Amino acid sequence: MTAAGIWADIRGQEPVVAQLQQAALATVPGHAWLITGPPGSGRSNAARAFAAALNCEEPDPEARGCGRCRSCLTILAGNHPDVTFVETDKTTISIDEARELVTKAQDRPVSARWRVIIVGDADRMTERTTNVLLKAIEEPPPRTLWILCAPSPADVLVTIRSRCCAVGLRVPPAEAVADLLVQRDGIDPVLALSSARAAQSHIGVARRLARDEAARERRDSIVRLPLRLNRVPEAVRAAGALVELASAEAAASNAERDAAEKEELLRTLGAPEQGTLPPAIRSQLKRLEEDQKRRAKRSVTDGLDRALTDLLSFYRDALLLQFSAGQVTEQQLVNTALRPELEEFARQSTPERNLERLETITEMRRRLLGSNAAPLLAIEAMAVSLV
């Protein structure tokens with residue numbers, strides 16, 4: 001892996017990469033950083049790459065972030081003892097988890113120049129939880145550095161924001177995401193570009209769409225839902241279908257990861273290939289399964305949020321056609337394959353009504369992520385309001 005390789009997944013973010021590379025060369029790179037950007041822009045990948053550049057073993061400062069040394073490789077793989085990466089499978093990060101991070105931050109680095117604490121879900125901390133971190137972020141030990149990741153600065157308390165160096169990622173161009181899929185995953189260029197546009201430049205979603213035909217079919221079913229919303233009974237049925245599709249997508253996206261985690265745990269513990277597992281191994285396997293169940297619950301919420309994002313893209317395309325009197329290029333549409341249906345829908349609806357629909361869906365996204373409302377009932381109410 002080359003030095004550019006540690007930033008390989010950070011596409012279309014050249015100014016941010018340059019800023020982080022320069023900071024990694026500084027004697028005092030700053031004690032806390034806040035990396036923001038829309039979902040799929042590469043926040044977590046940027047944080048890991050920055051941590052790797054900070055702790056690279058290459059003696060030549062100009063070659064810092066070599067991507068070949070042990071530190072670079074283990075940090076990017078998530079296995080370095082001095083770099084802690086925290087994401088939550090729950091709705092919020094708990095106060096106890098935050099206190100553990102504060103304790104971890106006090107430890108001197110074992111083998112690296114910097115102990116780096118990366119909070120990948122800083123927006124999932126309540127005000128009380130964030131206040132637990134405040135003092136540790138404001139005055140960390142000399143060799144400790146914090147990196148917080150969130151969708152936007154507004155998702156983090158101002159008391160935390162004011163103590164961080166801010167970095168803002170943008171939505172990468174679809175062409176840059178497609179180029180990554182071609183180079184990294186060997187995806188056909190045409191499929192890579194259509195997947196990148198359908199994912200609205202979300203790198204992870206684009207990769208899944210490009211590699212999984214079933215995922216593409218589920219998304220196509222979601223974006224076609226507005227074509228069936230003519231009466232209340234149809235809306236209720238469409239809501240049920242939307243929840244089922246989101247649940248299926250969540251299950252499919254977790255299946256491979258769950259199996260890999262189980263296989264790795266059994267291998268690490270030296271479990272026998274056949275026969276009954278020892279009690280100690282069974283207890284750890286049960287704990288892993290419980291963690292995976294919690295993640296599955298959050299995955300359904302995240303899957304619904306993604307489905308609503310896809311639904312938004314339909315009305316967004318319809319509005320674009322209405323406001324431009326049909327003078328829209330294929331590159332400007334998210335759902336290019338649906339253009340005939342979109343044009344017909346745009347003729348039969350009004351911009352004002354579609355704006356209302358966009359606001360309804362956006363409000364539903366806020367409710368799903370910010371409350372424990374029953375998803376099916378909430379989606380049914382939303383679907384009826386879209387009729």
Side-chain angles (χ1 to χ4, degrees), residues 36-41 43 91-92 121-124 149-156 168-172 174 197-202 204-206 218-229 232 234-236 238-247 249-250 298-324 328 332-335 338 341-342 345-346 349-387:
T36 60
S41 58
R43 298 186 304 259
T91 303
T92 60
D121 291 317
D123 57 308
R124 291 183 180 260
C149 303
S152 74
D155 293 312
V156 180
L169 301 177
R170 61 170 183 156
V171 176
R197 286 177 179 158
Q200 298 176 70
S201 293
H202 188 302
V205 174
R218 284 191 290 271
R219 184 191 181 277
D220 185 67
S221 297
I222 290 169
V223 295
R224 289 179 179 274
L225 283 176
L227 302 174
R228 311 204 311 260
L229 299 179
V232 169
E234 293 165 344
V236 173
L242 183 63
V243 173
E244 288 180 6
L245 288 167
S247 300
E249 180 66 16
R298 172 180 162 180
S299 294
V300 172
T301 300
D302 290 344
L304 278 171
D305 183 64
R306 185 66 223 176
L308 293 178
T309 300
D310 291 332
L311 202 57
L312 281 170
S313 72
F314 179 94
Y315 294 110
R316 173 262 185 201
D317 283 351
L319 267 175
L320 185 62
L321 289 166
Q322 288 172 326
F323 283 128
S324 62
V328 178
Q332 292 174 302
L333 292 175
V334 174
N335 304 290
L338 280 179
E341 292 91 339
L342 283 164
F345 186 90
S349 60
T350 66
E352 293 79 10
R353 182 69 180 109
N354 287 329
L355 283 170
E356 291 175 359
R357 288 164 170 150
L358 287 172
E359 179 56 35
T360 296
I361 298 170
T362 301
E363 177 59 27
M364 178 53 56
R365 292 184 64 199
R366 286 194 288 263
R367 288 181 58 194
L368 282 175
L369 297 177
S371 71
N372 293 319
L376 180 57
L377 293 176
I379 296 297
E380 284 178 348
M382 179 204 72
V384 169
S385 68
L386 296 177
V387 171

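These numbers come from a predicted model, not from an experiment.
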#### Entry: Residue pair D155, R43: steps toward the salt bridge (charged side-chain N to carboxylate O under 4.0 Å, His left out) verdict
CA-CA 14 Å; D155 293 312; R43 298 186 304 259; over 6 Å; no
Over all atoms of both residues, closest heavy-atom pair of [X] and [Y]:
X: S324; Y: V328; answer: OG-CG2, 2.8 Å
X: V205; Y: A199; answer: CG1-CB, 3.7 Å
X: A150; Y: A122; answer: CB-CB, 4.5 Å
X: V387; Y: R353; answer: O-NH2, 3.2 Å
X: P172; Y: S41; answer: CD-CA, 4.2 Å
X: I222; Y: A307; answer: CG2-O, 3.5 Å

### Task
Would you tell me whether D310 and S313 have side-chain atoms, one donor and one acceptor, within less than 3.5 Å of each other?
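No, no side-chain donor-acceptor contact under 3.5 Å.
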### Task
Return yes if a side-chain donor-acceptor contact under 3.5 Å exists between R224 and N335, otherwise no.
no
Determine yes or no for a side-chain-to-main-chain donor-acceptor pair under 3.5 angstrom, with [X] supplying the side chain and [Y] the backbone.
X: R219; Y: A198; result: yes
X: D317; Y: L333; result: no
X: Q322; Y: S349; result: yes

### Query
Less than 4.5 Å apart, any side-chain heavy atom of F314 and any of L227?
yes
### Task
Applying side chain to side chain contact (heavy atoms under 4.5 Å, CB included), run through L308 and L368 and close with a yes or a no.
CA-CA 10 Å; L308 293 178; L368 282 175; 3.6 Å; yes
### Message
For A238, give me all partners under side chain to side chain contact (heavy atoms under 4.5 Å, CB included), at least two apart in sequence or on another chain.
### Response
L225, R228, L229
Look up atom [atom1] in [X] and atom [atom2] in [Y], then write down how far apart they are to the nearest 0.5 Å.
X: L376; Y: E380; atom1: CG; atom2: CD; result: 4.0 Å
X: L320; Y: N354; atom1: CG; atom2: CG; result: 12.0 Å
X: L304; Y: L311; atom1: CG; atom2: CG; result: 11.0 Å
X: L242; Y: R218; atom1: CG; atom2: CZ; result: 13.0 Å
X: L312; Y: T360; atom1: CG; atom2: OG1; result: 10.0 Å
X: Q200; Y: R306; atom1: CD; atom2: CZ; result: 5.5 Å

#### Entry: side chain to side chain contact (heavy atoms under 4.5 Å, CB included) between L386 and Y315, worked out
CA-CA 11 Å; L386 296 177; Y315 294 110; 4.1 Å; yes
